[in-house]
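Read the numbers this way: they start at 1 and go in the same order the structure lists the ligands and their atoms.
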Amino acid sequence: MSQLTNKEISEILRRVATALEIKQGNRFRITAFQKAADNIEKNPVELVALWQKDRLREVAGVGESIAKNLDQLFKTGYSKDFDRITKSVPGAVFFLTTIPGIGPKTAYRLSSELKIKSPDKAIKKLFLAGKNKKIRKIPGFGEKKEQKILDDIKAWKQKQKESQRMTLYEADQLAGKVINYLEKLPTVLEAKPLGSLRRRNDTIGDIDIAIKTKQPQEVIDHFTSFPETKKVLVKGQKGSSRILLTNQKQVDLRIVPPGKMGSMMQHFTGSKAHNITLRELALKKNLSLSEHGIKNLNTKKAFSFNKEQAFYHFLDLDWIPPEIRENQGEIEAAQNKNLPKLINLKDIKGDLHVHSNFPIESSHDSGQDSSRRILSWAIRNHYQYLAFTEHNPSKSKHNEKEIIALIKRKKKWIEPINYSNTNYKNSRTNKLLFIFNSLEIDINPSGKLALPKEAFNYLDFAIAGIHSQFNLSQDAMTKRIIRGLSHPKIKIWAHPTGRMIGKRPSIEANWDQIFLFCKNNNKTLEINASPGRLDLPDFLIRQAINQKIKLAINTDSHNLSQLELMSYGVYQARRGWAQKGDIINTWPLDKIKKFLLS
Ligand code: DGT
Ligand code: CA
Ligand code: CA
């Protein structure tokens, strides 16, 4: 069996699409491979897990033929069909097409004209050829095209650097794998993920793990033999080791003897800025801090800590939740015993941004799962309410009349579930799950909402979001947003900054002005829990809360497994110092109904 990751699978499918394009293959077939690659890369659940449950076909774009080949890939590590399509294309071509601006046909020509065949250093060789003015000599290329290729390569290199950090979700998967492997050793007494991972940062540079053991050498040997290791960077120096994995990510390991886990966890969780301020505070009390514990500089007496709580208490501080250890006032708050009581996942009573597969002819990607399955999930997870927020119907496909008819149909579909069906009953409260009939509506560049006026009458409330033209000027963007949010039915602003972590920057907007508008008009900002978004970012959450604006943590699920990612929104909220009362979907049904239906 072969443990291919989603990223590796989408890479293989993209190669097939590239090879087909070079061979002038069927357009639909090429697009099918590209679409499947995109969906698989975005899928939050590893395909290999779905394959084991015979559920590959649940992923959008994975049809019978692709599923058959994936099955072969998982079983044997290779697919006959894919191999046959790609084998006549030189390896270099696939690398050259990773540069935006260089399509398959251009890459193929560059590869054959410049004799760059091997994938090894292909991009570097192309860059050198450009520098040596060789690209311009290829018929049909010229000086301008050569310069553009050089610029594209430079831009790509810059982007590579920035996107080397993992999303929190990716880091969780990877750390889980390593910890699982480490815990196979009986001498590992405890294994804890620390660093930015424990602080639940939105992106993670490297993975830090602390191990409690009485057998350091055995654990270090086991760690450095982790099957996916490419290179051992540090081995055993003072109980710290470091490996580079085949996916280019690094893992740091610290070994702790029993009795000292607390101080190690504190030190290795960081952040660095938090630790520096803490150390300064300790020095004023003539105490010195380290991963080994606390030393009294007057008496030279050393103290060890098994629990992190005791470490903080020794410094007369309340224990500080890892998510807010960023030197942003948390140490002072811990001194004054007024740390915020951060929100927890169990406080969440519903999800207000969920896409079902209800056929609404939407302008953007539709949900993949039925309302029935989504509602059953919500019941199992003790939700009290849920909002179906499919994208608004596409204006290019339908006239106003048809759109209004579609929205009416959706209302007709939801109402019976709310008022007559007893299947969706919360087992704790014995109350029916309440479904809000909602919609996610585009805010067009002018600020106009992409839904006919009359259609709003058939919605309980709506959420609004930007899905195009992210690069307006700050002024134009601010006006667009305020106009978009002004409609009385719009209660929530979805994924406010529009950022896609490592892929798309935040919009430019005057946040002070927008926050003021939201405050005065009772508009809620979303904390989108999708690990590739985590939007709002932590610092904006904190600013919003300081201005007494309410927030909603939503998954924006497009399939069942994404409903499980609510916790990522909660971590993000905690990093922004959010308490239960700041988040509207912790409210009981009566209160949220009053707010959303007002
Ligand atoms: P990352 O990996 O970039 O996402 O961020 P971190 O916070 O995980 O940083 P990393 O892996 O370099 O270090 C892990 C923790 O170890 C860090 O949060 C605090 C502690 N640490 C590392 N270097 C220093 C240092 O020079 N001084 C102090 N006080 N603590 C450090
Ligand atoms: Ca780290
Ligand atoms: Ca590290």
Engineer: We want to know whether Thr277 and Asn327 form a side-chain donor-acceptor pair, criterion being a heavy-atom distance below 3.5 angstrom.
Structural biologist: yes

Engineer: Looking only at the side chains, is there a donor atom on one of Glu440 and His495 sitting less than 3.5 Å from an acceptor on the other?
Structural biologist: yes

Engineer: Would you call the rings of His222 and Tyr181 parallel, tilted or perpendicular, where under 30° means parallel and over 60° means perpendicular?
Structural biologist: parallel

Engineer: Check ring-ring contact (aromatic ring centres under 6.0 Å, His included) between Phe268 and all other residues, then give those that pass, not counting sequence neighbours.
Structural biologist: none

Engineer: Determine the sole option in Arg533, Arg574, Arg165, Arg499 for which the salt bridge (charged side-chain N to carboxylate O under 4.0 Å, His left out) test with Asp202 is passed.
Structural biologist: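 With Asp202 as partner, Arg533, Arg574, Arg165, Arg499 yield a single salt bridge (charged side-chain N to carboxylate O under 4.0 Å, His left out), made by Arg499.
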
Engineer: Are the aromatic rings of Tyr571 and Tyr568 close, with centres under 6.0 Å apart?
Structural biologist: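 Yes: the rings meet the under 6.0 Å criterion.
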
Engineer: Any side-chain heavy-atom pair from Leu315 and Ile294 closer than 4.5 angstrom?
Structural biologist: yes

Engineer: Using 30° and 60° as the class limits, which term best fits the ring planes of His391 and His355: parallel, tilted or perpendicular?
Structural biologist: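 Ring orientation of His391 relative to His355: tilted.
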
Engineer: Listing by chain and number, which protein N, O or S atoms are under 3.0 Å from the Ca ion (ligand 3)?
Structural biologist: Asp206 OD1, Asp206 OD2, Asp208 OD1, Asp252 OD2

Engineer: Protein N/O near ligand 1 N/O, under 3.5 Å, which pairs?
Structural biologist:
unit_1, atom_1, unit_2, atom_2, d
ligand 1, 2 (O), Asp206, N, 3.2
ligand 1, 2 (O), Asp206, OD1, 3.0
ligand 1, 3 (O), Arg165, NH1, 3.1
ligand 1, 4 (O), Arg165, NH2, 2.9
ligand 1, 4 (O), Ser196, OG, 2.6
ligand 1, 4 (O), Gly205, N, 2.8
ligand 1, 7 (O), Arg199, NH1, 2.9
ligand 1, 7 (O), Arg199, NH2, 3.1
ligand 1, 8 (O), Ser196, N, 2.8
ligand 1, 8 (O), Ser196, OG, 3.3
ligand 1, 8 (O), Asp208, OD2, 3.0
ligand 1, 11 (O), Asp206, OD1, 2.9
ligand 1, 11 (O), Asp208, OD1, 3.3
ligand 1, 11 (O), Asp208, OD2, 3.1
ligand 1, 18 (O), Arg199, NH1, 3.3
ligand 1, 18 (O), Thr269, O, 3.4
ligand 1, 29 (N), Arg279, NH2, 2.5

Engineer: ring-ring contact (aromatic ring centres under 6.0 Å, His included) with Trp511: which residues, sequence neighbours excluded?
Structural biologist: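 Testing Trp511 for ring-ring contact (aromatic ring centres under 6.0 Å, His included), a comparison that skips the adjacent residues, returns Trp493, Phe515.
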
